[in-house]
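First comes the structure, then the notes that go with it.
Each chain gets a letter, A, B and so on, in the order its sequence line appears, and its residues count up from 1. Since this is a predicted model, take the numbers as computed values, not measurements.
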Amino acid sequence: TDVTILTPYISSIPTNEMAQSFKAEGEKRGWTVTIIDTRNDFGQLASRMEDTVNAKANAIVLISTDPAQVGDQVDMAAKAGIPVISLDGSKRDNVAVNVTSNNFELGTQLSEALFKAMGGKGNIVKFFHSAHPGVHQRELGLDATLKNYPDIKVIADHFVKVPGPVDDGRVAMENILRQHGDKIDGVWAAFDDPGIGAELATESEKPDSKLIIMGIDGNAQAVDMIKSCTHYKATFRQDFPKMAELGAEELDKILKGGKADKDEMYVPAVMITPETLGAKCS
Amino acid sequence: MLLSIRGLEKRFSGARALAGADLEVEAGSVHGLLGENGAGKSTLIKALSGLVRPDAGTIRLDGTPVTIDGVAEAEALGFRFIHQELSLVPHFTAVENAFVGRRYPRRGPFIDRRAMAQAIAEVARDIAPDLPLDVPAARLTTGQKQLVEIIRALTGAPARLVVMDEPTASLSDGEARRLHQAVRRLSARGVAVIFISHRLDEVMALCDRFTVLRNGATAGSGAISEIDRPGLVRLMSGREELAAAPRAVPAQSPAVLTVSGLPFGPGEEQVSFAIRSGEILGLYGLVGAGRSSLMKIVWGARGHDEGEIRLDGRRLRPGSIGGRIAAGGAYVPEDRRHEGLITSRSIAENLAIADLPAVRLQPGLPLTGLGALKRRAQAIQAALAVKMGSPFDRPLTLSGGNQQKLLFGRWFGRPIRLLILDEPTRGVDVGAKAEIHALARSFAEAGAAVLMTTSDMDELLALSSRVLVLAGGRITADLDGAVLTPARIIDAAFQHASRKDPAA
Amino acid sequence: MTGFVRRFGTLAALLVLIAAFSLVSPGAFGSAGNLINITQQMTLLAIVAIGATVVMAVGEFDLSTAAIVSFGGILAVTLFKLGVPPPLACLAVLLAAAAFGALSGFVVARFEVLSFIATLSVGTIIGGVTFWLCQGATLFGDIPAGFRDIGRGTLFGLPTLTWWLIATALAAWLLLDKLEIGRRLYAIGGNREAARLAGVRIVPNTMFAFTVSAVLSALVGILLTARIGSANPTGGGGYLLSAYAAVFLGMTAFREGESNVPGTLVGAAIIAVIGNGLTILGVSTFLQDIITGSIILAAVLVRRVGRQGG
Amino acid sequence: MTGFVRRFGTLAALLVLIAAFSLVSPGAFGSAGNLINITQQMTLLAIVAIGATVVMAVGEFDLSTAAIVSFGGILAVTLFKLGVPPPLACLAVLLAAAAFGALSGFVVARFEVLSFIATLSVGTIIGGVTFWLCQGATLFGDIPAGFRDIGRGTLFGLPTLTWWLIATALAAWLLLDKLEIGRRLYAIGGNREAARLAGVRIVPNTMFAFTVSAVLSALVGILLTARIGSANPTGGGGYLLSAYAAVFLGMTAFREGESNVPGTLVGAAIIAVIGNGLTILGVSTFLQDIITGSIILAAVLVRRVGRQGG
Ligand SMILES: Nc1ncnc2c1ncn2[C@@H]1O[C@H](COP(=O)(O)OP(=O)(O)OP(=O)(O)O)[C@@H](O)[C@H]1O
Ligand SMILES: Nc1ncnc2c1ncn2[C@@H]1O[C@H](COP(=O)(O)OP(=O)(O)OP(=O)(O)O)[C@@H](O)[C@H]1O
Ligand SMILES: [Mg+2]
Ligand SMILES: [Mg+2]
C-alpha cells in the first residue's frame, strides 16, 4: 500500500513531527510512506499532488495545508478513487477526514494563559506569521481575546521571517528591548521559534526582566527553556503523535473499505509549564 | 568645405586630451589624421560621433555649426565610424553585427535575414572575400573582426563622411590593399574619408591631405604631395625618425626554441622550426592564417597532443603557461583589450601580474608592497617612455599606443629566453615603434629567441632575421638572407588560395 | 558526435530523461496524459523563465520576479474583494507590474546601477507593498469561478495552462528572434558599449526588457491564483532560482552563451520532468534534491565535456 | 563634493542613516550598547557576504552559500549527537564544506560551466544531504554549552560574535588586498583570459575562492547554531540574497565595480542598521520592507547621480 504525504512546510517542527509520526504509524501497518515537500510553494504542491494521483498511490495525506488550496487536485484524486485525509488542515468535500487541533482555539488558550499570568494588564510583544493560514488563525484568536482584556496592549509586533525564524525573532527582540525595555510584560509567540529567539535575546540583553514568554507547538528547545526556569513560561503542545495516530487509524478504516467516523476530529492541545514538567522555579 | 572643426578642447579629469584642435575636410578627399600616441586623434573622432562632449570649440558641417549629442545624430548627419577599439557583439555573426543600430530589411513585421545576408555579402565581396560571414564574432581573429567593422561602416544608407580610426592596425598587406581600393572608390563617389594610421607609408600612398595633431593641438596640415615622410615625423614628434637599424644576423648560435612535429592547421600537418639564440623569427600570413594560434600553442595557452616544444633543451609541458614563464618565456598578446589588459586593475598591477614575487614587501612573504609596485611601474614608464599619470590609474585612461607598451613592460626585470610577440606594435606611433623594435632587438642580442608576428610588412622586414610564412595552417615558406623579399613573402602567403582545403 | 553533444547537449539530456523515466514507469510516467500534464506543470515556471530570458538578453538580472509573482496574485484578489470585475482587475495588475518593471529598467539603464542590487531593492519594496495589501495573510474567497477557469481545466484537449505557455513562448520567441527590437536587446546584452557606439538607445530598450519580465511575472501570479484558488504573499518565492536555472540550462542548449526562448523551454521542461518523474517513482524529497542537483550538473557538464573534446 | 559622493557615497549613506536614527531615538538606537549590538547582529550576514566577496573577486557567483550555512549547522549537531567532541566536529564541518566549495570551483573553472548554474546544482545537492541528515527536522539537544559560548556572550567587552567578524574581515582583507593571491583573484575576475595568458592559473585559484566562500558559510552555520542553540535545515535560506546585496552595495563604496572587503562591511552594516533602527522605531514589518528597499536604492543612486554630475 503506497501512501504519499504532501506538505509545503516539512522543515517546520510541527509539520515534520506529524509527518514522521504518521510515517511510523503507517509502516507499523505495512504501508510504504513517501514524504514530498515543496518548500512553501503551493503551485508546486498542486503539481506534486497531480503526479501522485497519476502514479496511482493508494492514499494521500495532506499536512499543514488547507485542502482548499489544492481543491482541484483533491477532486482529481476523488475521481481516481484515491482517498485523501488531512492533518492540521481544514475540512472539505472529498477530504475523508481532517484531524487537527483547532488553531483559533489554540490562539485563544495561549492569550488567556498569558494574560492571566500577567495579571490581566500590561504590554505584550506579538510575533506572528500570517502567511501560514493555520498560524494566522491563532492570531485571530489573540485579537478576539484582546477584546476581553482592555488593559493589555500590543506595544510592538513583528512578522517572523521564514526560513530562519529563531534568529529573526532574536534580532527583532533585541531591538524591541532596546526601545521598550522594562515596559514589556509579555511575549506572545504564534509559534515557538520566535519565542525561543525572544528568550535568547532577553537572556543576553535583559536577564533581570520580569517578562513572560509563551508560545505554541511544544518545540523541544522551548520545553527545555521552560524546564530551566527561564522567561519562557508555557507552550501549547499539539499532540502530533496522537493526530498522526488518529489519522492513520481513520485511513486504515477507509483503505479497508470503511468510512471515517467524522469529517473533522479535534485533538486537544496540552499546556506545558514548569509545573507540568516538575521543575521548581521560584 | 564639408567639415570644419575649430579650436576643439577636451579635458579628462585634469588631463588635456584636446587643446585647440583644428581640422578641415573636403568632400571627396582622403584626409590623413596623424599624431603620436595620445595626441588626441581618437578623442577628436569621439567628439565627432557624439561620444565625447567637447569643452570648447565648434564643429561646422557645410558651414553651419552643429552640436552632436549622440551616435544616432552623428549617423543622421551622414557620418560613419570605425572606432579604434574593436566593438562587436561577440555572439553575433558578421552579418548581424553589421546591422546593429541600423535599419533592418523587413518582410512584414519580421526582419529579413536573407536580405541582410545579401546586403553584407555584396559589401564583403570587395573588402574581404574570404571572411566567414556566418561565424560568431567571438570566434574570429582580430584581423577578421577589424574587417567586420569596416564592412559595418560601409553598409547601409550612403554616407557623407567615413572616419576610420586605425582600420589597418591588424590587417596584413593583402587586406589593407583591398581597403585602400574601397577608400578610393568612396572618395571617387564624393565621400570624404578621415583616415587615421600609424603606418606612414600607407598614409603617403593613400591620402591626399593630412592634419597632424600634437599634444591635442593641430601642429600642421596640408597636401600630402607637399610633404615627405621625415617631414611628417618631425611635425608629429618634433624629432627626427630613428633610422631602422640593419637586421642583426646572428652568428652560428645554439637553438633556443625548437618546435618539432607539432600537429597544426586544418589538415593537422606537422610543423617544425627552431629559433636560435639572438634570432628574431617573423611569422607572416594573411588574416586568419593561423599565426596567433601557433603562437598560443608555443606559449602553452593551448595544448597539443603530439610533437614537442623545447626551450633551452628542456621539454615544455603542453598547455602550461607557468612552465614557460619559469623557463624565461614572455608573451605579448594580440588583442590588448581582451587578452592583455586587466582593465579593472591599476596600471601598476597590470605591470606586475606576471611576476608578483618581484613586488613583494619582503622577499620571503607573499605580501605585495605598494611602494614596490609603484617603483616597478615607474621604472618601466621610464624605460618605455609611457605617457601616463599615476601608476595607480586605470590602463584605459591611456592612449592605445601607451596601453600597448604596458603589455611589453609586464615582462621587464627577468631574464628572458623566449619572447613571443603577437603584433607587438599594433596601434603604436612611429617613435614608440622604433623604441619597441630596439627593445626586441636588445632582448635578442642578450641571447633570447624572439618569435614575432606582424601584419606590417615594413616592420617584418625591419626586425626579422628570418621569416616563416603561414597559409591555411601550413608553413609555405622559410625565407632569410637574399630571398627575404616582399614579393616572395606575399607569394607564399597567398599559396593556400590555390589549394583551399575542402574540409576547412 | 561531440559536435552534436555540444550543440544539443541539454536537449539530449531532456530526451534521455524522458526515455529513462518512461522505461521505468511506462504506465504512470510515460502515459500521454502525464506527459501532457507535465506541460501544464511547467507552465508557471516557464513563463517566469521566459521573462528572465528577455531580461538576460540585455545582459541583466531581474531578482524582483518572485516578488512580482506574489504581488500579482495578492493584488488581483484584493481587487476582486473590492468588486472589480476580473478582466479589469487583471489589466490593473499587469499595468502595476509594468510600472515596477519600467522603474527597475530605468534605474539600471539610466544610472548604471547593477541590476542585481536595483531589482533586489525594487523587489523588497514590492514585497512590502504585497504584505501591506493583505496584511501578511493568505487570501481566500471572493475569487470568481470564471476567473479560476483561466488557470484550470482544458481547452481543445490541452490544459488551459498549456495554452498560456504556448502563447507566451511564441510571442517571446517572435520578439527576440524575429523582430528588430530583439536584435537590439541581444546587441545590448552582448556588448553594451558596442551597441551604444552603434547608436542603439540603451535606456528605452532596457526598460522594455524589464517591463516584459515584470508583466510576465505578474501574469504568473494571476495564473497561480487561478490554479490554486488562493493568493499567498510569499507564493512566488520558489520561482526565482528555478526560473534562472531554466534560463541557464537553456543557454547551453541551441546557442552559445545567449539566453534564448527555445533553450529556456528545454530548461524548464528538464526541471519539470525531474520533479514529476521522481514523484511518480515515489522518491522522497530529500533524495529528490540530491538527484535533481546531480542531473542538472550532469546535463551541463555533458555538453561542456563534449566541447573540451571537440 | 561630487567626487566625494562618488567615492564614498555608500559610506556616507551609512553615516547619514546612523545619524538620522540617533537623532530620532537617541536613547535606544544611539546608545553605545545598541551600536555594539548591531555589530553582533550583522556578523553572520557579514561573514557570508565576505565569502561572497571573495568569490565575486574572481567574477563568479556562489548560490550554494545558503545551503552550506544550513548544512554546517545540521552536520555539526549531527556529529555532536554521535558524541564527536566539538572542536573535531567543527573541523569536520569546515572540511566537508571546503570539499563542496572545491567541487563547485573545479566545475566552474575546469569545465567553464556558468557559476550560477553550477553552484545552484551543488547547493541543491547539499540541501538534499542536509535534509537527509536530519530528516527535515530541526535538531535540538546534545549541543554542548561550551560550544554554544563561541556564538554568545562577550569577550573583552565586545560580543563574541563581533570578534569573529573582526577576525574574518581582517583575514579576508589581508587575503584580497595584501597577499599575492588576492591580486591573482582580482586579475581573474577582471579579465580571465588576460590573467591566464599572463600565467595566472585559473583552476586552482578559482577553486580556492569557492573554498573560502564555502568554509565561511559553514562557519556561519556553526556560529548560528551556537547562537540560537538549535539547527534548522533551512536556517541559512535568508542569507543568500542579503549577502549579495551587501556585496553589491559595497561595490559602489570605495572602489569602482569590484567587490571588496571594506565595502562589503559597509553594505552589511547598512542592512543591519536599517533593520535595527526601524524595529526600534516600531515600524511595522511591511513598511520596513518598503523603507529598506527604498533606502538601499537611494544609497546606490546617490552615488550614481554624483557620478553623472562629475
Ligand atoms: N576616458 C579618458 N579618461 C582620461 N583620459 C583620457 C580618456 N580618453 C583619453 N584620455 C587621454 O587623452 C589623451 C588623448 O587620447 P587619444 O585616445 O585621443 O589619443 P590618440 O591620439 O588616439 O592616441 P593613439 O594613437 O595611441 O590611439 C591621452 O593622453 C589619453 O590618456
Ligand atoms: N576561438 C576560436 N574558435 C574557433 N576558431 C578560431 C578561434 N580563434 C581563431 N579561430 C580560427 O582559426 C584560424 C586561425 O586564427 P589565428 O588567430 O591563428 O589567425 P591569425 O593568423 O593570427 O589572424 P590575424 O591576423 O587576424 O590575427 C582562423 O580561421 C580563425 O577563424
Ligand atoms: Mg587612438
Ligand atoms: Mg593573429
Spacing of CG belonging to D/Leu197 relative to OH belonging to B/Tyr331, to within rounding of 0.5 Å: 5.5 Å
Does the side chain of D/Glu193 come within less than 4.5 Å of B/His338's, by heavy atoms? no
About how many Å separate CG of B/Leu356 and CG of D/Leu179, when rounded to the nearest 0.5 Å? 11.0 Å
Is it the case that atom CG in B/Asp305 sees more than 12 heavy atoms from other parts of the structure closer than 6.0 Å? no
What part of D/Arg196 gets closer than 4.5 Å to chain B, counting heavy atoms only: side chain, backbone, both or neither? both
About how many Å separate CD1 of D/Ile181 and OG1 of B/Thr368, when rounded to the nearest 0.5 Å? 11.0 Å
Nearest atoms (heavy-atom pairs only) where B/Arg337 meets D/Asn191: O-ND2, 3.4 Å
Scored by heavy-atom pairs under 4.5 Å with chain D, the best of B/Leu341, B/Leu367, B/Asn350 is B/Leu367
Count the heavy-atom pairs under 4.5 Å between each of B/Ala354, B/Ala352, B/Pro357, B/Gly329 and chain D, then report the option with the highest count. B/Pro357
On a heavy-atom basis, which atom in D/Ala198 and which in B/Ile353 lie closest, and how many Å separate them? CB-CG2, 4.0 Å
Using non-hydrogen atoms and a 4.5 Å limit, figure out which bit of B/Pro333 sits close to chain D: side chain, backbone, both or neither. side chain
Heavy-atom neighbours of B/Arg310 CZ exceed 12 at 6.0 Å: yes
On a heavy-atom basis, which atom in D/Gly190 and which in B/Ile342 lie closest, and how many Å separate them? CA-CG2, 4.0 Å
For B/Leu373, is it the side chain, the backbone, both, or neither that has a heavy atom closer than 4.5 Å to a heavy atom of chain D? side chain
Greatest number of heavy atom pairs closer than 4.5 Å to chain D - which of B/Gly323, B/Gly322, B/Pro366: B/Pro366
A side-chain contact here means heavy atoms from C-beta on lying under 4.5 Å apart; do B/Val359 and D/Arg183 qualify? no
Residue B/Glu339 versus chain D: region with a heavy atom under 4.5 Å: both
Shortest non-hydrogen contact from B/Gly340 to D/Ala194? O-CB, 3.4 Å
